[in-house]
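Worksheet for the structure shown next.
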Amino acid sequence: MNTVTDVLEAARLRIAEDVEPNRFLDVLEQGRMPKERLKRLAGELYHLVRSDRRSFALLASRFPDAPAGDLFLAMAQGEAQALELLGGFATAVGLTTEDLRTYEPQPLAQAYPAYLARAALSGTASDTALALLANVAESTGTYTRVADALVARYGIEERALEHFRYFADTPQALLDQATATLADGLAGGDDPVAAVRCAWTVHALEAAFWNCLAHGLGTG
């Protein structure tokens with residue numbers, strides 16, 4: 001298991017063994033999500049994106065040479081753009097910039113960005129590159145469904161959903177950089193087993209983020 005194709009397939013198979021229903025999406029698409037939970041979504045995303053921006057900036061500083069440096073710098077810049085776009089959604093659900101800053105995040109909802117920060121501090125470039133490649137389809141699909149439900153079920157205007165539409169469309173150029181970074185890392189001796197473990201953990205903690213937001217609501 002030392003080629004990009006082999007490692008990516010191994011990660012996808014590991015992830016496929018651990019797929020659970022997204023309770024947040026279930027409740028959201030049923031139109032049963034209380035407005036307070038939409039405010040919580042904005043607050044949690046604010047803290048998550050700010051943390052991820054720092055994590056990708058750290059990775060860019062640890063691995064400055066191309067292709068990894070280009071990938072992680074682009075990802076850090078992308079998080080900065082997403083953070084700016086989040087303001088439109090926050091306003092739509094009745095939150096100010098100060099509300100976002102003072103929002104108290106839920107510990108379990110922030111487990112994903114905490115793990116990514118750990119990977120940025122001590123992991124390899126291959127770890128994060130594989131996590132992106134292995135999870136991109138599910139992640140973009142989730143953001144698309146969230147945005148669509150917010151329009152259809154809650155009457156939120158499309159212009160307030162640019163944050164979600166941004167994450168629903170990962171540029172092919174970024175995926176190409178991630179593929180090149182993974183290939184370069186594997187060729188340089190990065191551990192493929194550790195990279196698969198990172199991709200699987202990212203999947204599990206992203207799922208935990210969404211389900212934490214639906215805690216106590218049920219799906220019936």
Side-chain angles (χ1 to χ4, degrees), residues 1-20 22 45 47-83 108-143 166-210:
M1 189 175 67
N2 55 7
T3 70
V4 169
T5 300
D6 291 343
V7 174
L8 184 54
E9 180 64 17
R12 287 171 173 166
L13 288 173
R14 183 76 180 271
I15 288 167
E17 296 173 355
D18 190 34
V19 175
E20 296 182 2
N22 187 318
L45 285 171
H47 286 275
L48 183 154
V49 173
R50 290 182 76 242
S51 178
D52 284 0
R53 180 179 60 178
R54 292 192 296 269
S55 294
F56 293 134
L58 175 58
L59 281 163
S61 69
R62 288 185 61 214
F63 305 103
D65 295 333
D70 294 339
L71 169 67
F72 297 132
L73 183 58
M75 293 180 76
Q77 292 170 337
E79 297 293 326
Q81 183 175 350
L83 187 63
L108 292 181
Q110 296 299 310
Y112 156 69
Y115 177 78
L116 186 60
R118 171 189 166 187
L121 180 64
S122 59
T124 67
S126 295
D127 293 346
T128 303
L130 180 61
L132 169 62
L133 292 168
N135 290 291
V136 65
E138 182 176 0
S139 180
T140 56
T142 296
Y143 276 96
Y166 179 82
F167 279 130
D169 182 21
T170 302
Q172 184 59 47
L174 191 72
L175 298 177
D176 291 344
Q177 287 178 321
T179 300
T181 297
L182 178 58
D184 188 64
L186 293 173
D190 287 353
D191 183 359
V193 175
V196 170
R197 185 184 307 119
C198 179
W200 171 56
T201 304
V202 165
H203 158 78
L205 294 179
E206 283 186 335
F209 171 82
W210 295 110

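- The backbone N or O of Ala199 lies less than 3.5 Å from a partner atom in the side chain of Asn135, making a donor-acceptor pair.
- From Gln177, atom CD reaches atom CD of Gln172 across 11.0 Å, with rounding to the nearest 0.5 Å.
- Looking only at atom types and distance, the side chain of Ser55 has no donor-acceptor partner in the side chain of Asp52 under 3.5 Å away.
- Met75 places none of its side-chain heavy atoms less than 4.5 Å from the side chain of Leu59.
- For Leu108, the CG atom counts as loosely surrounded, since its 6.0 Å shell holds 12 or fewer non-hydrogen atoms of other residues, nucleotides or ligands.
- For the residue pair Asp190 and Ala125, the shortest heavy atom distance occurs at OD2-N, 4.2 Å.
- By the 4.5 Å heavy-atom criterion applied to side chains, Val196 and Val7 are counted as neighbours.
- Taking both residues in full, the closest heavy atoms of Pro192 and Leu186 are given as CB-CD2, 4.0 Å, listed atom of the first, atom of the second, then distance.
- In terms of modelled atom types and a separation under 3.5 Å, the side chain of Asp70 and the main chain of Pro67 share no donor-acceptor contact.
- Looking at Tyr115 and Cys198, their side chains come closer than 4.5 Å, going by heavy atoms from C-beta outward.
- You'll find the side chain of Arg12 reaches within 4.5 Å of the side chain of Leu8, heavy atoms only.
- Judged purely by atom type and a 3.5 angstrom limit, Ser122 uses its side chain to pair as donor or acceptor with the backbone of Arg118.
- Thr181 and Ala129 make their closest contact through CG2-CB, 3.9 Å (heavy atoms, listed as atom of the first residue, atom of the second, distance).
- For the pair Thr128/Phe56, a side-chain contact is recorded, criterion being any heavy-atom separation below 4.5 Å from C-beta on.
- The backbone N or O of Glu138 sits nowhere less than 3.5 Å from a side-chain atom of His203 that would complete a donor-acceptor pair.
- Within the 4.5 Å cutoff, side-chain heavy atoms of Thr179 are placed close to those of Leu133.
- Listed for the Ser51 side chain is no donor-acceptor partner under 3.5 Å among the backbone atoms of Leu48.
- Residues Leu174 and Leu71 are in side-chain contact: their nearest non-hydrogen atoms beyond the backbone lie under 4.5 Å apart.
- Taking the six-membered ring where the residue is Trp, Tyr143 and Trp210 present perpendicular rings, their angle passing 60° and hence far from 30°.
- Exactly one residue among Leu182, Asp184, Leu130 makes a side chain to side chain contact (heavy atoms under 4.5 Å, CB included) with Val4. That residue is Leu182.
- Annotation: side chain of Phe209 is in contact with side chain of Leu45 (closest heavy-atom distance under 4.5 Å).
- We find the OG1-CZ distance between Thr142 and Phe167 to be 13.0 Å, quoted to the nearest 0.5 Å.
- Listed here is the closest heavy atom pair of Tyr166 and Ala82: CD2-CB, 4.0 Å.
- For the atom pair CG of Asp191 and CG of Asp127, the computed distance is 8.0 Å after rounding to the nearest 0.5 Å.
- Here the shortest heavy-atom pairing between Ala76 and Ala57 reads CB-N, 3.8 Å.
- Residue Glu79 holds its CD atom at 11.0 Å from CZ of Arg54, rounded to the nearest 0.5 Å.
- Between the side chain of Arg62 and the main chain of Gly123, a donor-acceptor pair closer than 3.5 Å is present.
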